[in-house]
Amino acid sequence: MSAVTRKTFDEVMVPNYAPAAFIPVSGLGSRLTDQDGKEYIDFACGIAVTSLGHRHPELTAVLHDQVDHLWHLSNTHTNEPALRLARRLTETTFAERVFFCNSGAEANEAALKLARKYAVDRNPEKTQIVSCKQSFHGRTLFTVSVGGQPKYTEGFGPLPGNLAHIQFNDIAAAEATIHWGTAAVIVEPVQGEGGITPASKAYLQKLRELCDKHGALLIFDEVQIGVGRSGSLFSYMEYGVTPDILTSAKALGNGLPIGAMLTTKEIAATFVVGTHGSTYGGNPLVCAVADKVIEIVSRPETLAGVKQRHHWLVDGLKAINQKHHVFTDIRGQGLLIGAELIPALHGKAKDVLNAAAKHGLVTLVAGTNVVRFAPSLVIPVADLNEGLKRFELAVAEIAAQVTQTA
Ligand SMILES: *Cc1c(COP(=O)(O)O)cnc(C)c1O
């Protein structure tokens with residue numbers, strides 16, 4: 001067999017992605033190495049997934065141990081790692097019951113189905129689901145329909161019904177839309193794909209109040225911001241607003257596929273035997289690692305480290321911007337940071353990402369105007385500083401383009 005390259009992608013893969021020109025082949029901590037031996041600092045973690053870095057020694061040890069015991073049972077039997085993980089999640093959050101699946105979309109699919117059924121069991125006309133414009137909740141047909149980005153549903157209709165999309169952070173819109181017929185409101189405490197936009201505390205408090213008033217369930221989609229990235233174990237703890245259902249995925253398995261839906265005992269009772277399920281959900285291999293992830297992230301020094309690194313990263317980006325004037329806003333929570341480009345550079349976020357990669361730094365974008373940073377929660381200070389240095393080289397190139405065209 002001949003070697004595989006980026007060109008192979010176009011020859012054998014469905015063309016729904018546009019991956020980078022280089023192919024990383026190994027990773028350790030916050031460093032990646034590609035096929036040519038070039039090294040990169042990782043400010044992306046996949047998409048906020050490998051939050052404890054690549055091949056974290058404690059996770060590697062747990063995975064090796066579980067590999068030698070048991071990989072899979074399906075739901076005809078329960079298993080120890082899933083029970084330990086569920087117990088840890090109920091001990092560390094508001095939740096009393098946990099459902100495991102394999103991705104963020106599946107966690108939201110479960111949350112939306114649960115909320116619909118919980119409402120409809122009480123009143124057959126209580127079916128409305130309210131979500132926010134610019135939101136992202138996954139790629140199943142239900143979750144893209146609930147998501148607030150029409151480009152992701154184009155061509156896939158007919159779509160599930162009785163969905164309402166309101167402006168994010170707009171209290172008046174929430175008051176005008178949420179009513180007796182609302183089954184659930186779903187919101188990302190910090191919008192990720194939509195541009196790294198934190199909700200205001202007043203907004204989340206108002207959603208809580210309106211849901212209580214109208215008997216609707218409040219769902220927090222913490223697939224991206226959860227598991228320590230906010231600076232708390234979950235972002236709802238930063239806000240002090242507690243949802244009825246919380247979804248998690250991405251960083252929960254540090255790269256192994258897992259999703260989870262957390263809720264109360266009373267709401268969970270709606271999912272009686274046979275109402276919902278997943279073949280792989282809660283498999284021992286992934287749950288053993290996720291249990292260790294939650295244990296490590298819950299340590300006070302891990303969460304304090306996120307807050308410290310937030311300041312280092314934001315201060316570093318601000319210093320770069322003071323020299324090169326390419327961003328209008330630098331925002332986010334914990335280690336999910338977005339830097340919005342000035343109008344003259346709108347549409348160029350991917351160019352910044354490509355320039356950064358050239359200088360040996362992996363970043364992300366959120367839309368076409370925002371550069372997104374999601375480094376490891378435990379990134380060494382030296383790597384953080386080196387990453388910022390490389391990012392400045394990229395920014396200087398992009399800034400020079402503005403000067404040339406001005
Ligand atoms: C990534 C993401 C999802 C979807 O997760 P998948 O694992 O890709 O299905 C859902 N919600 C939010 C907020 C996300 O960032």
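Atoms within each ligand, like the ligands themselves, are counted from 1 in listed order.
- Taking the six-membered ring wherever Trp is involved, the centroid distance between the rings of F94 and Y236 falls below 6.0 Å.
- Residue A249 has no N or O atom closer than 3.5 Å to an N or O atom of ligand 1.
- You'll find the ring centres of F220 and F234 outside the 6.0 Å limit.
- For atom 7 (O) of ligand 1, the closest heavy atom belonging to the protein is G104 N, 2.8 Å.
- Nearest to atom 9 (O) of ligand 1 among the protein's heavy atoms is A105 N, 2.7 Å.
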- Task: Could you go through the side chain to side chain donor-acceptor pair (under 3.5 Å) check for D42 and H54 one step at a time?
- Result: CA-CA 9 Å; D42 186 3; H54 300 278; 2.7 Å; yes
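- Using a 4.0 Å cut-off between charged nitrogen and carboxylate oxygen, R122 and E266 count as a salt-bridge pair.
- Counting the atoms of ligand 1 from 1 in the order shown, those under 4.0 Å from a heavy atom of G138 are 4 (C), 10 (C).
- Each of the atoms 7 (O), 9 (O) of ligand 1 lies under 4.0 Å from some heavy atom of S103.
- In terms of polar-atom proximity, E188 is not counted as a contact of ligand 1, lacking any N or O under 3.5 Å from an N or O of the ligand.
- When ring centroids are compared, F9 and Y17 stay outside the 6.0 Å threshold.
- For atom 1 (C) of ligand 1, the closest heavy atom belonging to the protein is K250 NZ, 1.4 Å.
- D244 and R208 are joined by a salt bridge, as a carboxylate oxygen and a charged side-chain nitrogen come within less than 4.0 angstrom of each other.
- Only the side chain of N108 comes within 4.0 Å of ligand 1, judged by heavy-atom distances.
- Of the protein's heavy atoms, D221 OD2, 2.8 Å lies nearest to atom 11 (N) of ligand 1.
- Contact annotation for H137 and ligand 1: only backbone heavy atoms (N, CA, C, O) come within less than 4.0 Å of the ligand.
- Both tests do not hold together for R97 against F99: distance to the six-membered ring centre under 6.0 Å, angle to the ring axis within 45°.
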